[in-house]
Amino acid sequence: METSRHSRVLIVGSGPAGYTAAVYASRAMLEPLLVQGIQPGGQLTITTDVENWPGDREVMGPDLMVRMEDHARAVGTKIVSDHITSIELAARPFSAEGDSGATYTADAVILATGAQANWLGLPSEEKFKGFGVSACATCDGFFYRGKEVAVVGGGNTAVEEALFLTNFATKVTLIHRRDKLRADRILQHRLFENPKTEILWDHTVDEILGSDSPPGVEGVRIRHVRSGQTTVVPCAGFFVAIGHSPASELVRDQLETHSGGYVVTGPDSTATSVPGVFAAGDLTDREFRQAVTSAGMGCMAALEAERFLAESDG
Ligand code: FAD
Ligand code: NAP
């Protein structure tokens with residue numbers, strides 16, 4: 001196996017931001033190399049219907065990402081199945097180490113590492129991960145056919161997961177810490193109309209309850225935020241859908257970041273605090289975090305990388 005590969009543009013990440021950057025950089029004849037990471041296709045591969053990707057009234061998330069990958073390959077992007085474990089941005093050419101042992105050097109870097117699911121941080125959550133606790137209804141919903149499940153969260157992901165789970169479960173309880181959801185109105189409407197769902201407002205989750213042998217979830221103990229009263233919600237599956245955090249560990253010490261870890265980029269730009277390093281998508285987006293906005297930023301990053309290389313390399 002090749003141990004060192006140089007490219008003009010190294011793209012880290014294979015979500016909508018990474019693949020869009022790849023399409024634009026390839027068409028600019030920059031011959032980019034894209035490292036996919038451990039989730040080829042990114043977050044949309046763990047969802048079902050995407051209904052807000054322009055041009056497709058409805059498209060399955062995984063299918064959309066296969067199409068983006070095909071597009072990037074067709075225009076000449078070199079796509080590598082590897083995960084970057086460290087990156088050095090202090091001097092050009094930039095260099096990165098892959099989990100495979102390969103070293104990647106590049107004249108410009110586009111970071112598009114997206115975001116990862118947040119967890120509640122309870123010891124019982126850790127104990128039952130993979131044994132009834134999940135952050136992906138699309139991946140694990142099927143196991144709960146004919147059973148009761150609970151979801152925690154109040155955003156688009158939580159409501160979509162709850163709705164998806166009604167395809168399998170007999171009952172889906174949504175537990176939310178406030179008395180209002182932040183999910184889109186259309187999703188809220190579908191949730192309220194679904195006879196299989198119940199919403200428990202103003203509750204936090206204290207503990208996930210279950211058996212040790214065989215390991216499995218049997219319920220969650222929740223607490224009312226004002227009265228402090230606790231209740232047990234029986235369920236065989238518990239889905240955590242409380243948002244995502246930017247995957248910026250690789251660069252937190254090298255690039256300017258916001259308090260939540262989102263990489264800071266210039267106004268109307270994907271330029272980071274290091275010239276030649278660009279960041280796109282959920283990694284840098286505290287506000288919108290959508291497939292289409294990520295793709296838009298991927299486009300910007302490739303165009304800005306092209307301009308940077310033209311100006312710096314003559
Ligand atoms: P991501 O999609 O997060 O991709 C990040 C990529 O970086 C991955 O390929 C990963 O493998 C790679 N990576 C990470 N670290 C490394 C590393 N160290 N080395 C190499 N590669 C690395 N948005 C919508 O617009 N419509 C929807 O219907 C919708 N539904 C959603 C449903 C769910 C369940 C979730 C979780 C999100 C949904 N979103 C939706 C949001 C949307 O998925 C994200 O906004 C979008 O995927 C972000 O794209 P991205 O390219 O920035 O990053
Ligand atoms: P989000 O919008 O950040 O919502 C997170 C939810 O979890 C909030 O309701 C929050 O409560 C709750 N929460 C956070 N921490 C918690 C904790 N410790 N305990 C209990 N509850 C907690 O995250 P998301 O739903 O994953 O969405 C992320 C982004 O992807 C959003 O921009 C979203 O629009 C996008 N997305 C879009 C679609 C779509 O367009 N169809 C689908 C999925 C995701 P509070 O409300 O009280 O803060």
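Ligands are counted one by one from 1 in listed order, and the atoms in each one are counted from 1 as well. In what follows, residues are counted from 1 in the order of the sequence shown. Treat the numbers as computed from the prediction; the structure is a model and nothing was measured.
Here N118 has no heavy atoms under 4.0 Å from ligand 2, in either its backbone or its side chain. Neither the backbone nor the side chain of V50 comes within 4.0 Å of ligand 2, counting heavy atoms alone. At a 4.0 Å heavy-atom cut-off, ligand 2 touches R178 through the side chain alone. Residue E51 does not touch ligand 2, judged by heavy-atom distances below 4.0 Å. When non-hydrogen atoms are compared, ligand 2 lies under 4.0 Å from neither the backbone nor the side chain of K180.
Salt-bridge check for R226 with D202: passed, with a basic side-chain N closer than 4.0 Å to an acidic carboxylate O. Classification of R223 and D206 as a salt-bridged pair holds, one side-chain N sitting under 4.0 Å from a carboxylate O. K171 and E198 are joined by a salt bridge, as a carboxylate oxygen and a charged side-chain nitrogen come within less than 4.0 angstrom of each other. With salt bridges taken as basic N to acidic carboxylate O contacts below 4.0 Å, one links E126 and K129.
Close approach of ligand 2 to F288 is summarised as follows: ligand atoms under 4.0 Å from at least one heavy atom of the residue are 32 (O). Interface atoms of ligand 2 facing H176, defined by a heavy-atom separation under 4.0 Å, are 9 (O), 11 (O), 45 (P), 46 (O), 47 (O). Numbered from 1 in the order shown, with element, the atoms of ligand 2 that lie under 4.0 Å from a heavy atom of H244 read 26 (O). When each atom of ligand 2 is checked for a heavy atom of Q290 under 4.0 Å away, the hits are 32 (O), 33 (C), 34 (O), 35 (C), 36 (N), 37 (C), 40 (O). Within ligand 2, the atoms closer than 4.0 Å to a non-hydrogen atom of G154 are 6 (C), 7 (O), 8 (C), 9 (O), numbered from 1 in the order shown.
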Could you walk me through whether T265 and T270 pass the side chain to side chain donor-acceptor pair (under 3.5 Å) check?
-> CA-CA 5 Å; T265 53; T270 60; over 6 Å; no

Check against side-chain contact (heavy atoms from CB on, under 4.5 Å), L187 and N156 | CA-CA 7 Å; L187 291 175; N156 277 329; 3.2 Å; yes

Should S7 and E31 be marked as a side chain to side chain donor-acceptor pair (under 3.5 Å) after you check the CA-CA gap, both sets of side-chain angles, and the distance that decides it?
-> CA-CA 7 Å; S7 56; E31 300 181 341; over 6 Å; no

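Here the protein heavy atom with the shortest distance to atom 39 (C) of ligand 2 is N52 ND2, 3.7 Å. Scanning all protein heavy atoms for the shortest distance to atom 17 (C) of ligand 2 gives R177 NH1, 3.5 Å. When only non-hydrogen protein atoms are considered, atom 2 (O) of ligand 2 lies nearest to R182 CD, 3.6 Å. Closest to atom 7 (O) of ligand 2 among all protein heavy atoms lies I242 CA, 3.2 Å. In terms of protein heavy-atom proximity, atom 23 (O) of ligand 2 is closest to G243 CA, 3.3 Å. Nearest to atom 38 (C) of ligand 2 among the protein's heavy atoms is N156 CB, 3.6 Å. Remark: minimum distance from atom 28 (C) of ligand 2 to any protein heavy atom is reached at R289 NE, 4.1 Å. The nearest protein atom to atom 26 (O) of ligand 2, hydrogens excluded, is given as T157 OG1, 2.8 Å; this is a heavy-atom distance.
The side-chain contact (heavy atoms from CB on, under 4.5 Å) with L111 is formed by just one residue from the set L283, L10, I11, T284; it is L283. The only option from H6, E88, R5 that meets the side chain to side chain donor-acceptor pair (under 3.5 Å) definition with T105 turns out to be H6. If you run side chain to side chain donor-acceptor pair (under 3.5 Å) between D282 and each of Q43, R289, H244, only Q43 comes through.
D285 places a side-chain N or O within 3.5 Å of a backbone atom of E287 that can act as its donor or acceptor partner.
Hydrophobic clustering of Ile, Leu, Val, Met, Phe, Trp and Tyr side chains at less than 4.5 Å, counting indirect connections, keeps L200 apart from L163.
Around atom CZ of R178, more than 12 heavy atoms belonging to other residues, nucleotides or ligands sit under 6.0 Å away. No more than 12 heavy atoms of other residues, nucleotides or ligands shown are found within 6.0 angstrom of CZ on F288.
Residue pairs meeting the ring-ring contact (aromatic ring centres under 6.0 Å, His included) criterion with at least one partner in residues 119-141, sequence neighbours excluded, are absent.
Closest heavy-atom contact between F94 and P275: CZ-O, 3.4 Å.
For ligand 2, none of its N or O atoms has an N or O atom of A158 under 3.5 Å away. The shortest N/O to N/O separation between L120 and ligand 2 does not fall below 3.5 Å.
Contacts of ligand 1 (protein heavy-atom distance under 4.0 Å) are V12, G13, S14, G15, P16, A17, V35, Q36, G37, I38, Q39, G42, Q43, L44, T47, V50, N52, H83, I84, A112, T113, G114, A115, T157, E160, H244, L250, G281, D282, R289, Q290, A291, S294.
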